[in-house]
Amino acid sequence: MSNPFEDDDAQYRVLVNNEGQYSLWPAEIEVPAGWEARFGPDARQACLAYVEGNWADMRPLSLARETESAGS
């Protein structure tokens, strides 16, 4: 059985959680609690391109906010 998270021929969704973190998720697997679909379903490469184009700051939102408030 192949790994559904690494199948170049499968359809995926891009998920985002409340911390602004992104995840590539197989389209045939139910979206887990705490995550929402932001893009797809589409080809793996299209989803990866979406993540690369939209997830500029890898820090969780809570850490980014804390860092910004500490600097002001």
Side-chain angles (χ1 to χ4, degrees):
M1 183 173 171
S2 66
N3 182 343
F5 290 88
E6 297 180 5
D7 183 352
D8 287 334
D9 297 323
Q11 293 282 297
Y12 290 86
R13 287 187 172 87
V14 175
L15 306 183
V16 180
N17 66 16
N18 64 345
E19 285 286 351
Q21 297 168 308
Y22 286 63
S23 178
L24 205 61
W25 199 257
E28 76 267 4
I29 299 176
E30 184 177 338
V31 174
W35 294 82
E36 69 176 54
R38 186 66 60 88
F39 178 82
D42 207 334
R44 181 178 172 84
Q45 285 307 117
C47 290
L48 287 171
Y50 180 87
V51 170
E52 289 174 11
N54 290 279
W55 193 15
D57 188 347
M58 300 284 182
R59 297 175 298 171
L61 287 176
S62 58
L63 177 61
R65 288 179 187 132
E66 183 179 312
T67 303
E68 290 168 5
S69 66
S72 48

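Because the structure is predicted, anything quoted here is derived from the model rather than measured.
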Student: Is there side-chain contact between V51 and F39, with heavy atoms separated by less than 4.5 Å?
Tutor: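 Counting from C-beta outward, V51 and F39 never come under 4.5 Å.
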Student: Taking all atoms of both residues into account, what is the closest heavy-atom pair of C47 and L24, and its distance?
Tutor: CB-CD1, 3.1 Å
Student: Provide the closest heavy-atom pair for G20 versus W55 in the form atom of the first, atom of the second, distance.
Tutor: O-NE1, 3.4 Å
Student: When you measure from the side chain of E19 to the backbone of S62, do you find a donor-acceptor pair of N or O atoms at a distance under 3.5 Å?
Tutor: yes
Student: Work out which heavy atom in A37 is nearest to a heavy atom in R13; give both atom names and the distance.
Tutor: CB-CD, 3.9 Å
Student: Fit a plane to each ring of Y22 and Y50, take the angle between them on a 0 to 90° scale, and name the class: parallel (under 30°), tilted (30 to 60°) or perpendicular (over 60°).
Tutor: tilted
Student: Determine the minimum heavy-atom distance between E28 and P4, stating which atoms define it.
Tutor: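 The pair with the smallest heavy-atom distance is OE2-CB, 3.9 Å.
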Student: What I'd like to find out is whether the side chain of L15 reaches to under 4.5 Å of the side chain of P32, using heavy atoms alone.
Tutor: yes
Student: I need the minimum non-hydrogen distance between Q11 and P41, along with the two atoms involved.
Tutor: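 Where Q11 meets P41 most closely, the heavy atoms are OE1-C, 3.6 Å.
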Student: Decide yes or no for Y12 and L48: does some side-chain heavy atom of the first lie under 4.5 Å from some side-chain heavy atom of the second?
Tutor: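 With C-beta onward as the side chain, the pair stays apart.
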Student: For R44 versus E6, what's the shortest heavy-atom pair and its separation?
Tutor: NH1-CA, 3.9 Å
Student: Linking I/L/V/M/F/W/Y whenever their side-chain heavy atoms sit closer than 4.5 Å, directly or via other members, would W35 and F5 fall into one cluster?
Tutor: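 Yes: a chain of side-chain contacts under 4.5 Å links W35 to F5.
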